[in-house]
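Structure first, then comments.
Index from 1, following the sequence. Both ligands and their constituent atoms are indexed starting at 1 by order of listing.
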Amino acid sequence: MTTAAALTAELETVLAEATTRLAAADDLATVAAIDSEFLGKKSTVSAAKQQLGALDADQRKAAGQAINAIREALTGQVEAARIRVADQARAEQVAAERLDLTERLSSIRRGSLHLNTQARDRLEDVFVGMGFTIAEGPEVETAWYNFEALNIPEWHPARGSFDTIFVNLGEPEEVMLRSHTSPVQIRTMEVQEPPIYIVAPGRTFRTDTADATHLPAFNQIEGLVVDRGITLGDLAGTMQEFVHAFFGREVKTRLRPSYFPFTEPSAEFDISRPDGSWLELGGCGMVHPNVLRNCGIDPEIWQGFAFGFGIDRLAVMRYELDDIRELVNNDVRFLHQF
Ligand code: PHE
């Protein structure tokens, strides 16, 4: 005669076995097989139920409770094993289907600033370090700013030397792409009382055909100082300081007499090359009294100097380029080098 205690002990053993088998199961089919083996019709648990009828009434109750408890525990374990095995299968599938979207860093190249921008930034740094501020003006100008206020009246032969690109807006030859940055001198003096210490970098345009040393659209940096007691010595000293800061102490500077309608006296401004030859960087001079007067500044009180040189040429010189057109060809093989 079976007792409730014996039945319970037997079922505990069955539960322990099921627990071990479930822990080792690693696919759903195995879990399903364990499920039917331990909870199905032919299982020990089902058989135990059949035996309940043969027990005494008091034993029957205790045995029935034990069977139900074991059944519940088994059901819970099977369910937990199903979830674990399904999660694991899903994780394996995700890992197998994972696409590697990592980009190879070696193929990514960092961009850099254009040579002209680098040169302009350095120029600005050097002049700001000397106490100048940065000024700006429009790229499309009127004859007043590009010529007249700069002491170049309509009849003046110097107009021809600027190879100006005119814009067809109303009056002929009244509106143009600025042929130099000197109009910014006028625009600054119109709105600012001396003392004035400014540099104005910007694009300028002429009808030149592009060749190894010319571009029709190029960049200049204009400088203007207006203060009391300014002399040609201040101009020469400023140019020399600038060149030393930009190119290094070994580069020499030289002023060569020249002519511009808006400066008197005027000079070309050269720097020495390693081979001993001279390179022309731009023009400069003492601001012409007529230009000061055109801007409402009394030349008896205020004097000034001005200069203007090509940024593209500076870049060519600094980076030892063979052809100025490299700056605008946008060939990445060239641009990547700087
Ligand atoms: N604007 C002149 C040019 O483009 C350069 C210059 C600027 C000369 C200022 C004197 C003073 O050729």
Side-chain angles (χ1 to χ4, degrees), residues 120 123 127 132 134-139 141-153 156-165 176-189 196-208 213-227 230-240 242-243 253-271 279-292 294-295 297 299 302-314 316 324:
R120 193 198 61 209
L123 284 166
F127 281 110
F132 287 72
I134 312 292
E136 271 184 333
E139 292 178 354
E141 275 294 11
T142 58
W144 168 257
Y145 288 104
N146 200 63
F147 291 131
E148 256 129 71
L150 286 163
N151 204 32
I152 319 173
H156 201 291
R159 279 209 185 187
S161 69
F162 278 104
D163 300 320
T164 309
I165 299 172
M176 59 209 73
L177 302 184
R178 65 178 175 192
S179 45
H180 49 177
T181 42
S182 297
V184 186
Q185 290 186 34
I186 307 301
R187 290 186 174 273
T188 304
M189 287 189 280
I196 293 170
Y197 290 80
I198 57 111
V199 286
R203 283 209 298 176
T204 47
F205 308 85
R206 294 188 194 175
T207 55
D208 288 333
T213 55
H214 294 87
L215 292 172
F218 54 106
N219 296 272
Q220 285 191 332
I221 184 163
E222 191 80 10
L224 174 69
V225 166
V226 182
D227 205 340
I230 295 292
T231 70
L232 195 69
D234 297 310
L235 167 60
T238 305
M239 294 293 88
Q240 181 167 317
F242 150 70
V243 167
T253 58
R254 159 176 104 168
L255 294 178
R256 214 160 17 90
S258 185
Y259 173 77
F260 297 100
F262 34 95
T263 46
E264 182 58 36
S266 301
E268 303 281 353
F269 167 59
D270 300 342
I271 60 174
L279 176 79
E280 185 191 314
L281 262 198
C284 56
M286 302 305 290
V287 180
H288 196 290
N290 286 350
V291 175
L292 293 172
N294 284 338
C295 302
I297 293 175
W302 304 101
Q303 296 77 43
F305 67 77
F307 57 86
F309 39 73
I311 297 179
D312 315 71
R313 290 222 175 137
L314 276 174
V316 165
I324 201 167

For a quick test of reading the model, state the closest non-hydrogen atom pair linking [X] to [Y] and the distance between them.
| X | Y | value |
| --- | --- | --- |
| Pro183 | Arg178 | CG-CB, 4.3 Å |
| Ser266 | Phe260 | OG-N, 3.1 Å |
| Leu150 | Gln185 | CD2-OE1, 4.4 Å |

- Query: His180 and Phe205: aromatic ring centres closer than 6.0 Å?
  - Reply: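 Centroid separation for His180 and Phe205: 6.0 Å or greater.
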Numbering as shown, the atoms of ligand 1 that approach [X] to under 4.0 Å (heavy-atom distance):
| X | result |
| --- | --- |
| Phe262 | 1 (N), 2 (C), 6 (C), 7 (C), 8 (C), 9 (C), 10 (C), 11 (C) |
| Cys284 | 8 (C), 10 (C), 11 (C) |
| Phe260 | 8 (C), 10 (C), 12 (O) |
| Gly308 | 5 (C), 6 (C), 7 (C), 9 (C) |
| Gln185 | 9 (C) |

Mind checking whether [X] contacts ligand 1 via backbone (N, CA, C, O), side chain (CB onward), both or neither, at a 4.0 Å heavy-atom cut-off?
| X | result |
| --- | --- |
| Ser182 | side chain |
| Phe307 | backbone |
| Arg206 | side chain |

- Query: Does any N/O atom on Ser179 come nearer than 3.5 Å to any N/O atom on ligand 1?
  - Reply: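 In this structure, Ser179 places no N or O atom under 3.5 Å from an N or O of ligand 1.
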- Item | Gln220 N/O under 3.5 Å from ligand 1 N/O |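 Among all N and O atoms of Gln220, at least one is under 3.5 Å from an N or O of ligand 1.
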About how many Å separate [atom2] of [Y] and [atom1] of [X], when rounded to the nearest 0.5 Å?
| X | Y | atom1 | atom2 | value |
| --- | --- | --- | --- | --- |
| Phe127 | Phe242 | CZ | CZ | 5.0 Å |
| Gln220 | Arg313 | CD | CZ | 10.0 Å |
| Asp208 | Leu215 | CG | CG | 9.0 Å |

- Nearest protein heavy-atom contact for atom 9 (C) of ligand 1: which residue, which atom, what distance?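 Atom 9 (C) of ligand 1 sits closest to the protein heavy atom Glu222 OE2, 3.3 Å.
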- Any Phe309 heavy atom less than 4.0 Å to ligand 1: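 No, that is not the case, since the closest heavy atom of the residue is not under 4.0 Å from the ligand.
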- Message: Less than 6.0 angstrom from the centroid, inside 45 degrees of the normal: does Arg187 satisfy that with respect to the ring of Tyr145?
- Response: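 Checked: cation-pi criterion met.
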